[in-house]
Amino acid sequence: MQTLEALVKAQFEQALRVVVGKEGADPMVRLAGDERFGDFQSNAAMGLAKQLQKNPREIAQQIMDNLPDTSLFEKTEIAGPGFINITLKNSVLAKRLEQMAKSSSLAIDPDPKPRHTVIDFSSPNLAKEMHVGHLRTTLTGEVIARVLEFRGHSVDRMNHVGDWGTQFGMLLQYIYEHQPEVLQNPESFAVENLEGFYKKAKARFDEDEDFKNAAREKVVLLQSGDAVATKVWQAFLKESLKHCHLIYDELGVRLEDKGESFYNPFLADVVKTFKDKALAKEDDGAVCVYLEGFQNRDGEPLPLIIQKKDGGYNYATTDLAAIRYRVNEQNAKRIIYVTDNRQEQHFKMVFAAARAIGWVPDDVELQHIGYGMVLGSDRKPFKTRDGGTVRLKDLLGEAVARAQEVIVRNKEERGQDLSDDQVNDIAKKVGFAAIKYSDLSHNLSSDYQFSWDKMLAMDGNTGPYMLYAYARVKSIGRKGQVDFDQILKTAAINLDHPTERQLAKVLNRFGDVCETVGQELRPILITEYLYQLSKAFSGFYDKKAGVSVLEAPDQDTKNSRLALCALTAAVLKTGLGLLSIEVLEEM
RNA sequence: GCCCUCGUAGCUCAGUAGGAUAGAGCAGCGGCUUCCUAAGCCGAAGGUCACAAGUUCGAAUCUUGUCGGGGGCGCCA
């Protein structure tokens, strides 16, 4: 089904075609800035007035006179300098909701131009344990993947893990030294505390010159393909990835692991190709690619180094190899990187280099999505009390523990009948929802201040509130012993009360939101929408301001209101699902 | 020094394809409950949109400059 905004827009586009006399004039249809003005507004007349040398209100009148199907509108009127305020008929809103209700996909059409998309996100360094710094990329990447899939795109979720580099020499040497049995039997390698393991190895590396030298030798050994070193290295990677996937599974994140080392065989050719095409040259022993528009601090051209003077490769080389692989082997038409925004310049340069050498056809889009830092209450990067890195595992554990306190307290205060299992399940979902929602409800590009109290608050724009809103809707179904699925199939909706209409209007916008998010890849648009939806529902359902559902005056009205409930539940569940937040039937 | 980014209510944040009286939550204030989950709803209050100039019928939004925060700037990722 065409989205609501598209429906209105199409009307005004046609009218403009007549008024302006040619195609393509932007009708500037927006949601009404103020509810009192109606549902939508068109701001086109003022701009055109100048162009056509006419009075803007006159043009607005002409536009209105040429609307092809006025039966859609309750009223359209000119206001102020030449705004056209648009109010849709209740029946239009109602009919569309009925269509949504009867559709398995909420009548949301897939993107007419599906593109195979590679999303590179999460991608931790396997030498260490995942920490709070991986939160945003992991959550955001997953949401983007879900939204694009929902819009009908196929998606490869790539975990471009750091599984190569000098720190692995250190870790290998530590295993050689302290767990020699692993050399015989790599399968036996297991480590409970990965972070502790890294720290111990690092301590040895820093304190002991012999260890340091031995670690460097292990790097060389590994690079030369030594069988034992390779086995031990692989055993370590496997163990580290196991730790990651425990977290991914808990978060509901799916990822395909393909580490940096996967691209090792291609790196020499990357450098050779750049040299052959004269796009790279040696400078101070390093192989550099110079790209237009990049300068260093002295105003000189800034190179993208693809081979170090010691002959080694760096992440630029790997990223270039990965782009080529993703385009050629994975057939990506769009490649999205979700990393913190400090890497913006790096990706700009890598993208420019990949384009320059012709590895990325014009119809393939490269996109870096940067995000800001997670800050503590002191506005400095979020750390533990003693200044250490916050492990992701601990962060999630704390979220659940804190949620549990709240749930138990509420249970006691309200005398709720919840089993221990239910309390545990609720605490887990509420805790995760709190973390995810607070992250996703902030603008990606800016830093955001992490606050347990705010994210776990049951009121306001929070994850727990959203879960509560859903549970409250579902409870109506239980109370009235009605099957929402059944209600949806036979929905006949009437919108008489203002709160019904308001709810209907917000429900109608879901398609627009999905479309916009599919283009702009901004999870915050979903959270803002869902919050508006739950507010609209609260108003609809409120004892004083809203309507009674189960005690509606007649059966038709009751069914109509139940359908609004069922649809609200469906949209909330779908929307939260896009955010990778699992709903609770009861809380 | 150059580049990027941010500066909106006491606090946390929305709002940048230019649009009407700049929004929400929290905190604080005033109401609402014979309980369809009040974890809610309604209302009032709260702003020189960092500052200055410019473009425009119209600027939080675009341009320029200034101030302030954060980040980046040749072999880490």
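Chain identifiers are assigned alphabetically (A, B, ...) following the order of the sequence lines, protein sequences preceding nucleic acid strands; residue numbering begins at 1 within each chain.
B:G47 and B:C11 have their C1' atoms separated by 14 Å, given to the nearest Å. Separating the C1' atom of B:U8 from that of B:A60 is a span of 7 Å, rounded to the nearest Å. Spacing of P atoms, B:U66 relative to B:A44, comes out at 43 Å, to the nearest Å. Taking the C1' atom of each, B:A59 and B:G69 are spaced 24 Å apart, rounded to whole Å. Comparing the P positions of B:G58 and B:A27 gives an interatomic distance of 41 Å, to the nearest angstrom.
Counting to the nearest Å, the C1' atom of B:G74 and the CD atom of A:Gln345 are 11 Å from each other. One atom, CE of A:Met28, and another, P of B:G19, lie 7 Å apart when rounded to the nearest Å. For A:Glu300 and B:G1, the CD to P distance is 17 Å, given to the nearest whole Å. In this structure, CG of A:Leu267 is placed 19 Å from P of B:C75, rounded to the nearest angstrom. Going from atom CG of A:Leu456 over to atom P of B:C26 covers 15 Å, rounded to whole Å. With rounding to whole Å, A:Phe537 atom CZ is found 13 Å from B:C41 atom C1'. In this structure, CZ of A:Phe382 is placed 20 Å from P of B:G70, rounded to the nearest angstrom. The nearest whole Å value for the distance from the CD atom in A:Gln343 to the P atom in B:G72 is 11 Å.
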N/O-N/O pairs, protein side and nucleotides 11-15 of chain B side, under 3.5 Å:
{"residue": "B:U12", "atom": "OP1", "partner": "A:Gln449", "partner atom": "OE1", "Å": "3.4"}
{"residue": "B:C13", "atom": "OP1", "partner": "A:Gln449", "partner atom": "N", "Å": "2.8"}
{"residue": "B:C13", "atom": "OP2", "partner": "A:Arg379", "partner atom": "NH2", "Å": "2.8"}
{"residue": "B:A14", "atom": "OP1", "partner": "A:Asn443", "partner atom": "N", "Å": "2.6"}
{"residue": "B:A14", "atom": "O2'", "partner": "A:Glu528", "partner atom": "OE1", "Å": "2.6"}
{"residue": "B:A14", "atom": "O2'", "partner": "A:Glu528", "partner atom": "OE2", "Å": "3.3"}
{"residue": "B:G15", "atom": "OP1", "partner": "A:Arg522", "partner atom": "NH2", "Å": "2.4"}
{"residue": "B:G15", "atom": "OP2", "partner": "A:Asn443", "partner atom": "ND2", "Å": "2.6"}

Find every protein N or O atom lying less than 3.5 Å from an N or O atom of nucleotides 54-60 of chain B, and list the pairs.
{"residue": "B:U56", "atom": "O3'", "partner": "A:Lys50", "partner atom": "NZ", "Å": "3.2"}
{"residue": "B:C57", "atom": "OP1", "partner": "A:Lys50", "partner atom": "NZ", "Å": "2.1"}

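Side-chain proximity of A:Asp459 to B:A20, B:C73, B:C26: nearest is B:C26. The side chain of A:Met373 lies closest to B:G71, out of B:G25, B:C75, B:G71. Residue A:Lys535 places its side chain closer to B:C41 than to any other of B:C32, B:C36, B:C41.
In this pair, A:Phe83 lays its aromatic ring flat on the base of B:A20, centres within 5.5 Å and planes under 30 degrees apart. Per the stacking criterion (ring centres < 5.5 Å, plane angle < 30°), A:Tyr315 does not stack onto the base of B:C76.
Across all their heavy atoms, A:Ser123 and A:Asn159 have their closest contact at N-OD1, 2.8 Å.
In terms of phosphate contacts, A:Lys543 brings no side-chain nitrogen or oxygen within less than 4.0 Å of OP1 or OP2 of B:C35. Residue A:Lys308 places at least one side-chain N or O under 4.0 Å from the OP1 or OP2 atom of B:C76. Within the 4.0 Å cut-off from OP1 or OP2 of B:U33, not a single side-chain nitrogen or oxygen of A:Lys544 is found.
Atom NZ of A:Lys429 has more than 12 neighbouring heavy atoms from other residues, nucleotides or ligands inside a 6.0 Å radius. Within 6.0 Å of CG in A:Asp378 there are more than 12 heavy atoms belonging to other residues, nucleotides or ligands. Within a 6.0 Å sphere centred on NZ of A:Lys573, heavy atoms belonging to other residues, nucleotides or ligands number 12 at most.
Residues passing the side chain to side chain donor-acceptor pair (under 3.5 Å) test with A:Thr557, sequence neighbours excluded: A:Asp554. Residues forming a side-chain contact (heavy atoms from CB on, under 4.5 Å) with A:Phe262 (at least two apart in sequence, or on another chain): A:Lys258, A:Phe266, A:Tyr325.
Between A:Phe347 and A:His368, the angle of the ring planes stays under 30°, which puts this pair in the parallel group of the 30/60° scheme. Ring geometry for A:Trp452 against A:Phe450 counts as perpendicular: the plane angle is over 60°, on a 0 to 90° scale with 30° as the lower cut.
Cation-pi contact between A:Lys281 and A:Tyr290: present, with separation from the ring centre below 6.0 Å and deviation from the ring axis of at most 45°.
Along RNA chain B, the nucleotide nearest A:Leu550 and the nucleotide nearest A:Val406 are compared for position; the residue whose nucleotide lies closer to the 5' end is A:Leu550. Position along RNA chain B of the nearest nucleotide to A:Lys348 versus A:Ala316 favours A:Lys348 as the more 5'-ward residue.
Within residues 466-476 of chain A, the residues approached by RNA chain B to less than 4.0 Å at the level of any non-hydrogen atom are A:Tyr468, A:Ala471, A:Arg472, A:Ser475, in residue-number order.
Counting atom types as modelled, A:Asp284 pairs a side-chain N or O with a base atom of B:C75 as donor and acceptor under 3.5 Å.
A stem is defined here as three or more consecutive Watson-Crick or G-U pairs, each with both distances under 3.5 Å; for RNA chain B these stems are B:1-7 with B:67-73, B:10-13 with B:23-26, B:29-32 with B:40-43, B:50-54 with B:62-66.
Atoms OG1 and CD1, from A:Thr318 and A:Ile306 in turn, are 11.0 Å apart once rounded to the nearest 0.5 Å.
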